[in-house]
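Below: one structure, written as structure tokens.
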Amino acid sequence: MVDRVYNFSPGPATLPVDVLQQASKDVVNFKETGIGLIEMSHRSKEFMGVAAETESLLRELMDIPDNYKVLFLQGGASSQFFMIPMNLLGSGKKATYLNTGTWSKKAIKEAKLFGDIDVAYSSEEQTFNRVPSQDEYTVDAASEYLYFVSNNTIYGTQFPTFPETNKVLISDMSSDILSRKIDVSKFGIIFAGAQKNMGPAGVCIVIIREDLLDKTPENTPTMLTYKTHADKGSMFNTPPCFAIYGVGEVLKWLKKQGGVEAIEARNIEKASLLYDCIDGTDYYRGHAEKASRSLMNISFNLPTPELEVKFIAEAAAIGLNGLKGHRSIGGCRASIYNAFPKEGVEKLVAFMKEFEANNKG
Ligand SMILES: *Cc1c(COP(=O)(O)O)cnc(C)c1O
């Protein structure tokens, strides 16, 4: 593995090397069956075992209560943008959304197809550099649910604490699921595409409270009805077998690391290294307001766009890859999910100091 680089990609993102090595064996010959993992029936005893183990590890690591279903769906996190309102709204029904970035904006657009959408807060005019505190919005009394994105992958903001509400709380946790301890029982639905913090692309995990499975309007297509997948243990049709397996392997790895609490402490430590570097100089400017900073995605600028181009190129030349910011805000972004090693963050910080010294002008 000498030629692997530090990969700061926002997603698909760095996975533990041990997981990749194990997968490379299992894809060819799964558990001495003589059949590769992605060649076997999803109804085989072996694959059913993989799916069951993945679900039970997720339940254990997130402490998911028994009255929640765990679904393995396709169509990416983006399909949840319409599946949620399609299943929970309908004509005359209302929902409240907090607009804190590109992903919430896309969810709002889809939700408007299925109901009356109240956007109770937006930081769009401040280029989404913050998330609101509890006293900055009110949830409409008629709303079926309150929807928010816990970590804004592009802008590098994250809710430090979650909204308190008596409504059904729904969160897109695609870029911070399993990165910190949360109380699942406060939520109606949590969903996350696997490819940022949980495994390979191809599966979206939906954790849904059981009472929400009975709210779907009758004319909803079978495949787009949550209950279809809940009743069949995500095996109504062929599930994304490799992605489910990949998530399972990442969860085994996470358990070995000490679980969510242990990884949370490490995530705080890694992000602090970078934020301390940014705060220690005027040369680098963080995009997010301090109180809204993400532990997963750190977006920052240099004094000029030209210096940013140079910075990204020189970093890549020494094995620090994927630091270019999203096209919507430019600049740089370091995505340092659970599996991203601390040594890579330390190397980036050393490079940032050196680059500043050499290019201060
Ligand atoms: C990446 C991302 C998505 C989109 O995920 P897809 O699986 O590509 O549809 C949605 N929400 C958040 C917060 C993301 O980071």
Side-chain angles (χ1 to χ4, degrees), residues 7-15 71-86 97-111 121-124 127-132 146-160 162-163 169-180 182 187 189-208 223-224 229 234 239-240 242-244 246-247 250 267 271 287-288 292-299 322 324-329 333-340:
N7 171 20
F8 291 90
S9 167
T14 295
L15 292 173
L71 313 179
F72 299 119
L73 304 184
Q74 302 193 56
S78 298
S79 287
Q80 295 311 306
F81 300 169
F82 65 81
M83 257 183 97
I84 288 164
M86 191 180 226
Y97 280 66
L98 304 179
N99 185 21
T100 56
T102 303
W103 300 117
S104 55
K105 215 174 146 179
K106 288 186 172 182
I108 289 164
K109 175 170 180 275
E110 299 304 299
Y121 173 86
S122 176
S123 50
E124 187 162 14
T127 355
F128 295 123
N129 68 350
R130 66 191 304 274
V131 296
L146 169 62
Y147 179 108
F148 74 105
V149 180
S150 60
N151 183 72
N152 296 279
T153 326
I154 294 173
Y155 304 92
T157 65
Q158 187 174 29
F159 280 79
F162 299 129
L169 187 60
I170 298 185
S171 188
D172 175 355
M173 294 197 184
S174 291
S175 53
D176 70 349
I177 191 165
L178 292 159
S179 71
R180 54 176 166 171
I182 66 159
F187 294 84
I189 299 176
I190 291 169
F191 70 94
Q195 71 272 20
K196 273 120 190 181
N197 212 16
M198 252 187 320
V203 65
C204 178
I205 289 189
V206 176
I207 302 165
I208 181 168
M223 271 296 283
L224 301 182
H229 303 285
S234 301
F242 180 74
I244 293 171
V247 170
V250 170
N267 287 335
H287 178 73
S292 300
R293 281 173 164 177
S294 168
L295 299 182
M296 301 275 97
N297 311 94
I298 289 129
S299 294
K324 194 172 180 334
H326 189 269
R327 58 192 178 280
S328 57
I329 52 165
R333 170 176 49 170
S335 297
I336 50 170
Y337 302 113
N338 286 356
F340 192 93

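Order of listing sets the numbers, starting from 1, for every ligand and every atom in it. Excluded from the calculations below are hydrogen atoms, water molecules and symmetry mates; all remaining heavy atoms, backbone and side chain alike, are included.
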Decide whether an N or O pair under 3.5 Å exists between Gly193 and ligand 1. no
Kindly indicate, with the supporting measurements, whether the criterion side chain to side chain contact (heavy atoms under 4.5 Å, CB included) is fulfilled by Met198 and Ile205. CA-CA 10 Å; Met198 252 187 320; Ile205 289 189; 3.9 Å; yes
Quick test: of every protein heavy atom, which one is nearest to atom 5 (O) of ligand 1, and how far off is it to 0.1 Å? Ala77 CB, 3.4 Å
Could you go step by step and tell me if Asn338 and Ser179 meet the side-chain hydrogen bond (donor to acceptor under 3.5 Å, both in side chains) rule? CA-CA 6 Å; Asn338 286 356; Ser179 71; 5.1 Å; no
Under 4.0 Å, heavy atoms only, figure out whether ligand 1 is touched by the backbone of Gln195, its side chain, both or neither. side chain
With a cut-off of 3.5 Å and sequence neighbours excluded, list every side-chain donor-acceptor pair involving residues 146-154.
unit_1	atom_1	unit_2	atom_2	d
Ser150	OG	Asp172	O	3.4
Ser150	OG	Asp176	OD1	2.6
Ser150	OG	Asp176	OD2	3.3
Asn151	OD1	Ser294	OG	2.6
Asn151	ND2	Ser175	OG	2.8
Asn151	ND2	Asn297	OD1	2.7
Asn152	OD1	Thr100	OG1	2.9
Asn152	ND2	Thr100	OG1	3.2
Asn152	ND2	Thr157	OG1	3.0
Thr153	OG1	Ser175	OG	2.8

To the nearest 0.5 Å, what is the distance between OG (Ser9) and OH (Tyr337)? 7.5 Å
Protein heavy atom at shortest distance from atom 15 (O) of ligand 1: Thr153 OG1, 2.5 Å
Could you tell me which non-hydrogen atom of Ala288 sits nearest to which non-hydrogen atom of Gly156, and how far apart they are? CB-O, 3.4 Å
How far is atom 11 (N) of ligand 1 from its nearest protein heavy atom, and which residue and atom is that? Asp172 OD2, 2.6 Å
Compare Ser78, Pro12, Ala13, Gly11 and give the one whose heavy atom is closest to atom 9 (O) of ligand 1. Ser78
Report the residues that fulfil side chain to side chain donor-acceptor pair (under 3.5 Å) with Gln74, sequence neighbours left out, ordered by chain and then residue number. none
What is the nearest protein non-hydrogen atom to atom 2 (C) of ligand 1, stated with its residue, atom name and distance? Lys196 NZ, 2.4 Å
I'd like to know if the side chain of Ser292 and the backbone of Arg130 have a donor-acceptor N/O pair within less than 3.5 Å. no
Closest non-hydrogen atom pair, Pro240 against Phe72: CD-O, 4.4 Å
Gly76 neighbourhood, listing ligand 1 atoms whose heavy-atom distance to it stays under 4.0 Å: 7 (O), 9 (O)
Which bit of Asn152 gets closer than 4.0 Å to ligand 1, counting heavy atoms only: side chain, backbone, both or neither? neither
Under a 4.0 angstrom heavy-atom cut-off, which atoms of ligand 1 come close to Val149? 13 (C)
Backbone, side chain, both or neither: what part of Phe81 comes under 4.0 angstrom of ligand 1, heavy atoms only? side chain
